[in-house]
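Have a look at the structure below, then the notes.
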Amino acid sequence: MRVALALLVVVALTGCTSVTPPPESARTPTSEPTPEPTAEVAPERFRIVPDDYHVPYAGTAEDGRRFFLSDELFAGADGYVGLYLWKPDGTFDEVKVQKVRRTPGVPPAQATSAGAAALIKARLAELGKYKLEPIWVEPFTTKVDGTTFGWILDQYEGSYSIHIEPGDFIAYYAPWDGLEYDT
């Protein structure tokens with residue numbers, strides 16, 4: 001009797017192992033865009049993920065805007081601290097730039113910290129209560145005093161990339177997930 005009952009329970013349970021996904025209309029929409037995984041299609045957005053190398057400050061400000069802050073921006077002999085801001089939906093909002101002294105002895109095409117800790121601290125304070133986290137944003141460019149700032153979408157031999165300006169020291173590629181970049 002016990003064997004028959006156990007066999008009956010096993011048979012009944014084996015029919016319960018398949019899971020049917022909910023209909024498309026019942027699924028919760030994702031807040032992050034799904035990146036196109038190929039380099040041959042220009043992305044509308046790309047992801048910036050904070051790290052301990054060239055991207056220490058990326059995330060969401062208290063007012064919901066997305067931000068990227070760097071003191072490694074450079075054009076020729078000029079160094080800059082730049083705060084790049086996007087609206088909460090990831091569309092470009094504004095750039096706040098301040099020229100700083102470039103670290104002496106650094107080769108012209110090499111990124112390095114300008115050593116502007118006080119200015120970085122002040123720019124972070126302007127963000128209010130912020131959160132360092134991955135952000136999805138659109139590429140953009142703008143000029144400040146004749147220098148191009150932004151994230152430039154470029155194409156070479158059919159493959160797209162997005163690199164930062166000024167300085168071109170960070171470049172993202174497909175799948176646009178921000179987990180890897182070239183320097």
Side-chain angles (χ1 to χ4, degrees), residues 28-75 78-100 111 113-114 116-156 159-183:
T28 304
T30 177
S31 61
E32 294 182 351
T34 303
E36 179 61 45
T38 66
E40 294 80 26
V41 176
E44 292 181 19
R45 305 283 169 106
F46 69 107
R47 188 173 176 211
I48 301 174
V49 178
D51 64 23
D52 293 331
Y53 189 40
H54 286 297
V55 187
Y57 304 108
T60 304
E62 186 173 4
D63 65 4
R65 292 189 296 172
R66 310 301 183 215
F67 72 90
F68 170 82
L69 174 63
S70 178
D71 73 339
E72 295 185 53
L73 304 170
F74 62 93
D78 296 326
Y80 300 91
V81 171
L83 177 59
Y84 296 35
L85 294 159
W86 294 265
K87 296 173 185 164
D89 67 359
T91 57
F92 172 66
D93 191 16
E94 68 176 312
V95 171
K96 296 181 178 184
V97 176
Q98 186 164 344
K99 192 180 279 192
V100 294
S113 172
L119 185 52
I120 290 287
K121 186 176 179 179
R123 289 288 189 219
L124 288 170
E126 291 174 18
L127 299 172
K129 195 172 188 178
Y130 63 88
K131 182 176 182 182
L132 298 177
E133 64 184 349
I135 56 173
W136 283 97
V137 293
E138 69 179 6
F140 74 91
T141 60
T142 189
K143 288 212 181 240
V144 177
D145 295 330
T147 300
T148 300
F149 288 85
W151 291 91
I152 298 175
L153 178 64
D154 203 3
Q155 188 178 25
Y156 179 74
S159 293
Y160 284 94
S161 66
I162 297 172
H163 68 270
I164 193 167
E165 284 295 336
D168 189 11
F169 67 95
I170 299 174
Y172 290 101
Y173 299 89
W176 315 110
D177 59 8
L179 298 177
E180 294 182 21
Y181 54 85
D182 285 344
T183 59

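Hydrogens, waters and symmetry mates are skipped; everything else that's a heavy atom, side chains included, is used. Because the structure is predicted, anything quoted here is derived from the model rather than measured.
There is a side-chain donor-acceptor pair under 3.5 Å between Glu133 and Thr60.
Within 6.0 Å of CD in Glu44 there are 12 or fewer heavy atoms belonging to other residues, nucleotides or ligands. Under a cut-off of 6.0 angstrom, the local environment of NZ in Lys96 is crowded, with over 12 non-hydrogen atoms contributed by other residues, nucleotides or ligands.
Side-chain atoms of Tyr181 come within 3.5 Å of backbone atoms of His54 as a donor-acceptor pair (strictly under, hydrogens ignored). The closest donor-acceptor contact from the side chain of Trp136 to the backbone of Gly90 lies at 3.5 Å or more, if one exists at all.
Using a 30° and 60° split on the angle between ring planes, Trp151 and Tyr172 fall in the tilted class, from 30° to 60°.
A distance of 5.0 Å separates CG in Leu124 from CG in Leu69, rounded to the nearest 0.5 Å. Atoms OH and NE2, on Tyr173 and His163 in that order, are 9.0 Å from each other to the nearest 0.5 Å. The CH2 atom of Trp86 sits 7.5 Å away from the CZ atom of Phe68 when rounded to the nearest 0.5 Å. Rounding to the nearest 0.5 Å gives a distance of 12.0 Å between CZ of Arg123 and CG of Asp71. Of the inter-residue distances, the one linking Leu83 atom CG with Ser70 atom OG reads 10.5 Å to the nearest 0.5 angstrom. In this structure, the separation between CD on Glu165 and OG1 on Thr147 is 10.0 Å, given to the nearest 0.5 Å.
Counting heavy atoms from C-beta on, the side chains of Tyr57 and Leu127 never come closer than 4.5 Å. The closest side-chain heavy-atom distance from Phe169 to Thr183 is not below 4.5 Å. Using a 4.5 Å heavy-atom cutoff, the side chains of Tyr80 and Val95 are not in contact. Taking 4.5 Å as the limit, every side-chain heavy atom of Ile152 sits out of range of all side-chain heavy atoms of Asp168. Side-chain contact between Ser161 and Tyr156: absent, with no pair of heavy atoms (C-beta onward) separated by less than 4.5 Å. Side-chain contact check for Leu179 versus Val49: some heavy-atom pair is nearer than 4.5 Å.
Aromatic rings from Trp176 and Tyr160 are positioned such that their centres are separated by 6.0 Å or more.
Heavy atoms only, all atoms of each residue included: Lys129 and Glu62 are closest at N-OE1, 2.9 Å. Contact detail for Gly59 and Ile135: the closest heavy-atom pair is O-CG2, 3.3 Å. Between Val100 and Ala116, the closest heavy-atom pair is CG1-CB, 4.3 Å. The minimum heavy-atom distance linking Ile162 with Pro139 is given by the pair CD1-CG, 3.9 Å. Closest heavy-atom contact between Pro50 and Pro134: CD-N, 3.7 Å. Of all the heavy atoms in Pro166 and Phe149, the pair that sits closest is CD-CD2, 3.2 Å.
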### Message
side-chain contact (heavy atoms from CB on, under 4.5 Å), that's the test. Do Leu73 and Tyr84 meet it? Break it down for me.
### Response
CA-CA 12 Å; Leu73 304 170; Tyr84 296 35; 3.5 Å; yes
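Using a cut-off of 4.0 Å between Lys/Arg side-chain N and Asp/Glu carboxylate O, Lys87 and Asp89 are scored as not salt-bridged.
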